[in-house]
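Both backbone and side-chain heavy atoms feed into the values below; hydrogens, waters and symmetry mates do not.
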Amino acid sequence: MTPTSKTPARTWVGVVTLLAGTLLPPLDFFIVNLAIPSIQDDLGGGDILGQQIVASYAATYAVTLTLGGRLGDLYGRRRTFLIGLVGFALASLLCGSAGEPWLLLVGRVLQGLTAALMAPQSLALIRASLDGRDQTVALGFHGATLGLAAVIGQSLGGLLVTADVWGLGWRVIFLLNLPVAALALLGSLFLRDPHTRSAEKLDGIGALLLFTGLAGIVIPLVEGRALDWPWWSFVVLVAAAGVLYRFWRYESALGGDRVVPLVPPRAVTAPGVRLALVSVALFYSIAAFFLVFSEHEQAVGRTPLQASLDILPLGIGFLIGPLTVPHLMRVMPRRIAALGLFLETVGFLAFAGLVASDHTAWTAAPLALIGFGQGLALPSLIRITVTHIPRAFAGLASGLVNATLQISAALSVAIIGGIFYATAGAYGSARAITTVSILIAALLFAASLLSLRAERVPSLDAPSEAREHPVREEHAGRVPR
C-alpha cells in the first residue's frame, strides 16, 4: 500500500487497522460453519445448537448494523470502532472458553452486537478520511479483505479444528480473533477521525422501532427454514412490515430538541441511493450459493475438506478482483460494478451448464470468474452507494450497506435455499444447483442494469458543475438531479 502525496503515511497505517475491523465480522461468520460438528460433539445440543450458533450471530449482527453506523456518526467513529473492537475480542474470549451451550450462545450474541459497532466504522472512516483515487484504492482493499475473509473462513476453519492446535480443538477459531484485535488496537494509534462529536441526541424510539422491525424480518428468515416454516414465522414477518412502516413515518415526522432521525429520510431518498441499495441487495443473492454448493458437494460424496478446496477458486477470484479496481478505473472510471455483475452472470450460467452436462471437473474456471466478478462489483457498488449520501452520514451509509447485505443474505438463503431443497427432493441435487445457479444469474443481471442507472446520477463527490448539469449519456434519457 503506497501512500500518495495527498495522503500521509500514517493515514494508510490507519486504513490497515480499519481492515482488521472489516475482516473479523465476516470471518467469524464463515469460519464457524466447519467447526459446528466438533462443537456439538463437545458441548452437546445437537442440530438445534448448530443452527443457533449461526443464527444468534447473524441475526444480531444484521439488525444492529444501522444503529452501529449511526452511533459512530453521533459519538465519533474512532471511539465507536475501538469500543466495538475491544468488545468483539472479549466476546470471542467468552466463546472460546465456554463450557456450556448457553454461554457460547451469549458470546455469539455479544459478538454480533460488537461487530455491528465495529464494522460500519471501517467503511465510514475510509469515506470520511480519503478522497478521489485514494478512496478508490482503500475501497479496493476493503473489498479484498472481505474476499480474504471468505477464503480463510471456508478453508482455515476445518484445517484448524482438524489440526487441534495446542489441544484447543474448535475453540481456536474464536481465540484466533484475539491477536488480530490486539494488533488492530495498536494500529488504532494511527487512526484519524475528521469527525467532531455531534450535539445531537440519539433517536432512541427510532432505534427501538428499527431494531424490532428488522429482528421481525431476520429471525423468521434465519430460523424459519430450519423449523419447517411454522405459522408464527409468517405472522412475525407481517407484523415486522407494519413496524418498519411505523418507523419510517416516525422518522419522517421527527424534528426538534436536537434529536435527529436515526435514518434521516433525506439521506436514503437522495437520487441514486435507492437504486444502489436494491442493486446491493440483488448482488448478495449469491449468499445462498455457499449453502447450496456445500449441500450439493455432500450429496455427491465430497468430504468437507474436498468441498472447501472445490469452492476455493471462487474465494481466490474474490480476493483478486478488488485489487484490480483502482487499475481498471484508469481506463474505465465507470461501469465497473456492472462489469463485475455481468461476469458473475456469465460465470453462473457456465457453472450451471457444466453441472447439467456432468462436466464438473471444469467448474473451477466459472467459479473463479464468479469470484473475480464479485470482487469487482462489491467495492464499486459500495462506492456508488456511499458517495450518494452526505459525508456527515458516513456511518449511517456504511451501516445501511452492511445491513442490506446481511438481510439480503437471509432472504437469499430462505428463498433460494428453499427452491434448492424442494428441487433436490424431487429431481436430485445436480438439477437443483443448476436451477438456482440460473436464478442467481438472472438476479445478478438485474443488479447490473440497476447499477448502471444508479451510476448515471452524479455523486456528491462529483464536481459541482457535474451535479448541476448532469451529463446526458447516449440513450440514457434525462438524468434525475
Side-chain angles (χ1 to χ4, degrees), residues 1-4 7-31 61 65 68-69 72 77-89 92 111 114-131 133-154 156 176-194 315-316 318-326 371 374-383 386 394-395 397-399 401-402 405:
M1 191 179 293
T2 305
T4 69
T7 305
R10 63 173 290 145
T11 299
W12 288 108
V13 176
V15 169
V16 173
T17 300
L18 293 173
L19 295 182
T22 303
L23 174 72
L24 289 173
L27 176 64
D28 238 56
F29 177 80
F30 284 113
I31 202 170
Y61 182 49
L65 271 166
R77 295 164 192 137
R78 181 179 182 273
R79 174 184 302 174
T80 308
F81 175 82
L82 291 176
I83 292 172
L85 177 66
V86 172
F88 189 83
S92 299
Q111 276 191 314
T114 52
L117 285 178
M118 173 175 59
Q121 315 315 323
S122 303
L123 182 56
L125 283 167
I126 288 172
R127 163 70 174 148
S129 304
L130 300 172
D131 295 291
R133 188 172 182 275
D134 288 341
Q135 188 178 110
T136 301
V137 171
L139 287 175
F141 281 106
H142 180 274
T145 302
L146 294 175
L148 183 63
V151 173
I152 294 176
Q154 293 176 71
L156 189 60
L176 183 68
N177 296 330
L178 300 182
V180 177
L183 291 174
L185 198 59
L186 289 175
S188 67
L189 299 173
F190 297 91
L191 279 179
R192 181 174 67 88
D193 185 0
I316 293 173
F318 191 6
L319 176 61
I320 295 171
L323 301 179
T324 67
V325 170
Q374 190 179 27
L376 288 183
L378 180 57
S380 303
L381 284 172
I382 290 174
R383 177 180 54 80
V386 301
S398 176
V401 170
N402 283 287
L405 289 171

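Each of V15, L378, L23, I382 was compared with H142 under the side-chain contact (heavy atoms from CB on, under 4.5 Å) criterion, and only I382 meets it.
Atom-to-atom distance recorded for I83:CD1 and M118:CE is 12.5 Å, nearest 0.5 angstrom. From N177, atom CG reaches atom CG of D28 across 4.5 Å, with rounding to the nearest 0.5 Å.
Taking both residues in full, the closest heavy atoms of P322 and L319 are given as CD-O, 3.6 Å, listed atom of the first, atom of the second, then distance. Residues L178 and A89 come closest through the heavy atom pair CD2-O, 3.2 Å. When every heavy atom of T17 is checked against every heavy atom of A184, the shortest pair comes out as CG2-O, 3.0 Å. Here the closest non-hydrogen pair linking S122 and L18 is OG-O, 3.0 Å. For the pair Y61 and P25, the tightest heavy-atom approach, listed with the atom from each and the gap, is OH-CB, 3.6 Å. Between N402 and P120, the shortest heavy-atom distance links the atoms ND2-CA, 4.3 Å.
No donor-acceptor distance shorter than 3.5 angstrom exists from the side chain of S398 to the backbone of Q121, with no hydrogens or angles considered. Between the side chain of T80 and the backbone N or O of R77, no donor-acceptor pair lies under 3.5 Å.
With contacts defined as side-chain heavy-atom distances shorter than 4.5 Å, the pair F141/L19 qualifies. Here the side chains of L85 and L24 are in contact, with some heavy-atom distance below 4.5 Å.
Donor-acceptor pairing under 3.5 Å is recorded for the side chains of Q111 and S92.
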